[in-house]
Amino acid sequence: MHFTRVVGPMRTLAFRTWRALTVAVPGPRIQAFGSGTDQIGAVLVVNLERQPRRWRRVTNELGRFRTSEGKPLTSITRCLTAVDARDGRAVAATADVDPTYRIGDQLYVQPDARLAECFSEDEPVRMTWQEVAVARSHVEAWKAIANGASEYVLVLEDDVWFSRGAPAAIDSGWRAALDRCAAEGGPNLLYLSYSDADGTAVREDACNSLFRPVRGLWFLSGYVLSREGAAMLLRAMPVIGPVDLWMNYRFGELGALALNSPVIKQRHDEASENAYSVLPYLARAGIVDAAYGIKPPATTHAGPVLAWTAGGEREGLAMALSMLGLRVRVFNGDEEPLRETRLQEVLKTFDALVDAPVVPAVLSAAAVNEHYVILMEPDAPTPLGLERERLPPSRSAILTLNGSAYPSWEVLCRVLRLSTPADVFPAGAPRAFGLFRDARPTTRPGPVVRIRGNTGSMDDSPWVLPPSSSWQPAPNGSRPPDVAGPVLAQASMTEASTLFPGITETFPGNLASFVPEGLRHDTEGALLEIDTLESGVRPYRSGAFASVRSFGHGCFEAEIRAAPGSGLITGFFLHRATPRQEIDIEFAGADPCRMLVNVYFNPGDDGTNMSFGYRGSPCRIDLGFDATADFHRYAIDWRPGQLTWLVDGEVVHQRVGWDPTPIPHLNMRLHANLWAPRSAELAGLVDESTLPASAVVRNLLVRV
C-alpha cells in the first residue's frame, strides 16, 4: 500500500535523469527468463490506456535486459489494459471483488496496537474505486495467465524500475525457488517487489536468496505467478478488500515465496491517483498524522462555462464541474435574465453557470466568443439566442449525462482541457437540495448578536468564495426555524449511551488521543476530560463520543459546559469523510466568551475521495457570557440550502448557499470532543498547569 510519494522537484528531475541514463546502458541476460518449461516465459504489464508514457518507460526498463536465449525481454512482454477507476461501469458491482472488508484484515497483514485499540476487528471498511479497479486489473491478469501458454509469467505494474543487481538477484532467487518446489511443483507465487509491513512481516525458511512469507507483504508491483497459481487464485475469489491485502491470506495454499530484498521498485516521480480506504482509520488511530491522497484541483482557467441541463431530479453536471475545480453557480430558471454587465459581474466570482437565464443577444455573443465554453445535456431545451448546430466543436459539447447509469468524464474534460478526476462521474445532489445556488442576501437584517471581524483565514479551495468577494460573516435576525419534527435520537448522557458511544481515536492536527478513560458519565452528563499522557505518540489523552448512525438534515442540540484553559477546544459538530463535509461549533478555552462556527465543504457523491481544506470558513461569535462557567443550549439547524446556529433558542448566525460555501448535502455523524490543536493560532498553547480539564455535554437531541 504505497500511501504517498512526496518528492521534491529537484529529486524528481535527478531521478528521471538517472533512469534515462541507466536504461541507455544495455543490461545482462537474466537466465530466469526463457522458453523452457522451468523459466519465466512471459511478462505482463498492467497499464492504463491513458498512461502511454508509463508504458514507454517500463518497456525501456525491460528493453535493457535479455532472456537466456539472448532475446530482449520486450519480445516476451505484452500490455494488459488496466481497469480504469474513472470508468464507473468497470468498477461497478462484480462477482470478482467484494469491496467490503474488515479492520481485522488490515491487522492480519500489519498488526498495530493503536489500530486494534481504536476499532473492533469487525469494523467494516469499504474499498475505494481505485482499489476496486486495481483488484480487477490483477484478476484480469490471473485470467490471462491461467488461459495462456506460459507456465510462469512476471506481472508488473506500469510504474516500476529494476534496481541495481536485480538480474543476479532474480536468477539466484528463481533457482532457489525451483529447488524448493521441485517435489510439490511450482513455484506458484514469487514476490520480486514488495514492502514489508512496517517490519512486521512473518518470515519462515529463509535462505541466502529468499524466504517463505506467512503474512505482512504489501504491493503487487512485481510478482511471478504460475498457471496453477493463477487458477488457485481464481478459485479463491472473490477478492475481499485491497488485492495486496487479500493475497496475504493465500500465501499458505500457494506456497508463496519472496526475495530477501525487493529488486523491482516503484518510481518516485509518478504521481499516484490511488486512494486508500484504510487511511482515514490509520489517521483516526494516530498512526499517520497527515492528509494523504490526490491534491486539490488547481485553480482552473477553463471557462467561463455556460451549461444547460435537462432538469433531472439530480444535478450531476453541476457536481461534476465542481469536482473539476470550477466554482459553480446553479440557477433555478426563474431569476431575472442576465444582461452583459450582470453576466460579467457574476463571472468574476463563478467559473461555471448552470441553467443561467441569459438575455438572448448576450448569449448569442457568448456563443461566438472564443473564451466561452458551452455545454448542454442532450434533452436540455435550447435557450433563446443559442443555435446548437453552429456551436464550435472545440468550445462546446453535447453531454450524455442522463439516461446512462455511469456517465463518462471524457467528453467534458476534453472540451474543458482538464485532467479527468480519479473518482467516478457523480450522480449529483437532489435538485430539491438547491446545492450551488447563490442565496446570499443582498442586504442583511440588523444583528441580534455582534460578530467580530476576526474570522480567521479561510480555505482557498474552489468551494469557498475568493477573497475578492469580501465575504463578511453577519448574524441573521430571522426567527428560529421550526424544529418541532419527530425525534430521531435522544440521550441525557448521564450514563453510557448506545446511540452515542465513546470513540477511541484521534485525527491529524490533534495533540490528544481519545481513549476510554477520557469519557465518564455522571449526574451532570458526559464528562470529556483531557490530561497529560506519560507515553505515546501524542502528549495528551482525552475523551470523545459520536453517534452510531449518520443523519441527514435536521436540528442537532446539546447542553454544553466548555472546558477552560489555553490550548483546549471543546467541539460539538457534524462530520463525514469521502468527501469531507463538516458543520462545527467549537469553544476555545482561552477565549470562553466567543463561539467559533465553521463549515467545510467538498463536492461529490458518497465515497468521493475529496477531503481538501483545513481552515474551512470560520467566524467567531460573541456570546455575552463565559461558556466555561455554566451550561447553555447550543444547536445546529441544518436544512437544504440553509444553516442556522442557535444559542439558548436564539439565532446567532445563519448561512445560505455560497455564504461563503455551498451547504453540505450528505449524511453526517454527530460528534462531541475535547482536544488540543497543534495550531497555537486556533487556541493558544496548552497550559499543562490547568490539566486535567473537562467539558460536559448532556441532553442530546436530534430532530427532523
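For this chain, numbers begin at 1 and follow the sequence in order.
Listed for the Asn188 side chain is no donor-acceptor partner under 3.5 Å among the backbone atoms of Ala256. Under the 3.5 Å distance criterion, the side-chain polar atoms of Tyr194 are matched with a main-chain donor or acceptor of Leu259. With hydrogens and angles disregarded, a donor-acceptor distance shorter than 3.5 Å links the side chain of Asn602 to the backbone of Arg580. For Gln39 (side chain) and Gln31 (main-chain N/O), a donor-acceptor pair under 3.5 Å exists by modelled atom type. With hydrogens and angles disregarded, a donor-acceptor distance shorter than 3.5 Å links the side chain of Ser137 to the backbone of Val83.
The shortest distance between side-chain heavy atoms of Asp171 and Ile30 falls below 4.5 Å. A heavy-atom distance below 4.5 Å is found between the side chains of Asp96 and Glu140. Taking the side chain as every heavy atom from C-beta outward, Glu121 and Leu107 approach each other to under 4.5 Å. Taking the side chain as every heavy atom from C-beta outward, Thr22 and Arg64 approach each other to under 4.5 Å. Taking the side chain as every heavy atom from C-beta outward, Leu44 and Leu225 never approach each other to under 4.5 Å. Within the 4.5 Å cutoff, side-chain heavy atoms of Trp675 are placed close to those of Phe514. The side-chain heavy atoms of Asn47 and Arg54, taken from C-beta on, include a pair separated by under 4.5 Å. Between Pro426 and Met323, the closest side-chain pair of non-hydrogen atoms falls below 4.5 Å.
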* Asked: Can you check side chain to side chain contact (heavy atoms under 4.5 Å, CB included) on Ile264 and Phe162, steps first, answer last?
  -> CA-CA 5 Å; Ile264 296 176; Phe162 286 65; 3.9 Å; yes

* Asked: Please walk me through it: do Val97 and Arg136 pass side chain to side chain contact (heavy atoms under 4.5 Å, CB included)?
  -> CA-CA 7 Å; Val97 179; Arg136 289 213 56 212; 3.7 Å; yes

* Asked: Can you check side chain to side chain contact (heavy atoms under 4.5 Å, CB included) on Met232 and Arg250, steps first, answer last?
  -> CA-CA 9 Å; Met232 293 167 71; Arg250 314 271 80 80; over 6 Å; no

* **From CA spacing to verdict: side chain to side chain contact (heavy atoms under 4.5 Å, CB included), Ile240, Arg102** => CA-CA 9 Å; Ile240 301 174; Arg102 306 173 308 127; over 6 Å; no

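Checking each of Phe251, Phe211, Phe219, Trp218 against Tyr191 for a ring-ring contact (aromatic ring centres under 6.0 Å, His included) leaves exactly one that passes, namely Phe251. Just one of Asp605, Asn609, Thr608, Asp423 meets the side-chain contact (heavy atoms from CB on, under 4.5 Å) condition when paired with Pro579; it is Thr608.
One finds the CD atom of Glu505 at 5.0 Å from the CZ atom of Phe119 (value rounded to the nearest 0.5 Å). Here CG of Leu62 is found 6.0 Å from CG of Leu73. Values are rounded to the nearest 0.5 Å. Taking CG from Asn248 and CZ from Arg215, the interatomic distance works out to 9.0 Å, rounded to the nearest 0.5 Å. Interatomic distance, Glu228 CD to Leu254 CG, rounded to the nearest 0.5 Å: 9.0 Å. Rounding to the nearest 0.5 Å gives a distance of 7.0 Å between CD1 of Ile40 and CG of Leu190. Atom CZ of residue Arg538 and atom OG1 of residue Thr506 lie 4.0 Å apart, to the nearest 0.5 angstrom.
Closest of all the heavy-atom pairs between Asp84 and Ala133 is C-CB, 4.2 Å. Scanning all heavy atoms of the two residues, the minimum distance from Gly604 to Leu666 falls at O-CD1, 3.5 Å. Closest approach of Ser226 and Gly229 over heavy atoms only: OG-N, 2.8 Å. Between Ala397 and Val415, the shortest heavy-atom contact is CB-CG1, 4.1 Å. Counting all heavy atoms, side chain and backbone alike, Val424 lies closest to Trp409 at C-NE1, 3.5 Å. Heavy-atom minimum distance, Ala177 versus Leu210: N-CD2, 3.7 Å.
The residues Arg114 and Glu117 are annotated as not salt-bridged, no charged nitrogen and carboxylate oxygen being separated by less than 4.0 angstrom. A salt bridge does not link Glu131 to Arg126: none of the charged side-chain nitrogens sits closer than 4.0 Å to a carboxylate oxygen.
Relative orientation of the Trp142 and Trp246 rings is parallel, given thresholds of 30° and 60° on the angle between their planes.
In this model, a donor atom of one side chain and an acceptor atom of the other lie less than 3.5 Å apart for Thr67 and Glu69. Side-chain atoms of Tyr249 and Asp105 form a donor-acceptor pair, as typed in the model, at a separation below 3.5 Å. At a cut-off of 3.5 Å, with distance as the only test, no side-chain donor of Thr74 or Thr59 sits close to an acceptor on the other residue.
Ring pair Phe507/His575: centre-to-centre distance not below 6.0 Å.
The neighbour count for Lys143 NZ, taken as heavy atoms of other residues, nucleotides or ligands under 6.0 Å away, is above 12. In Asn208, the CG atom is not crowded: 12 or fewer heavy atoms of neighbouring residues, nucleotides or ligands sit closer than 6.0 Å.
For residues 176-196, the salt bridge (charged side-chain N to carboxylate O under 4.0 Å, His left out) pairs, not counting sequence neighbours, are Asp196-Arg203.
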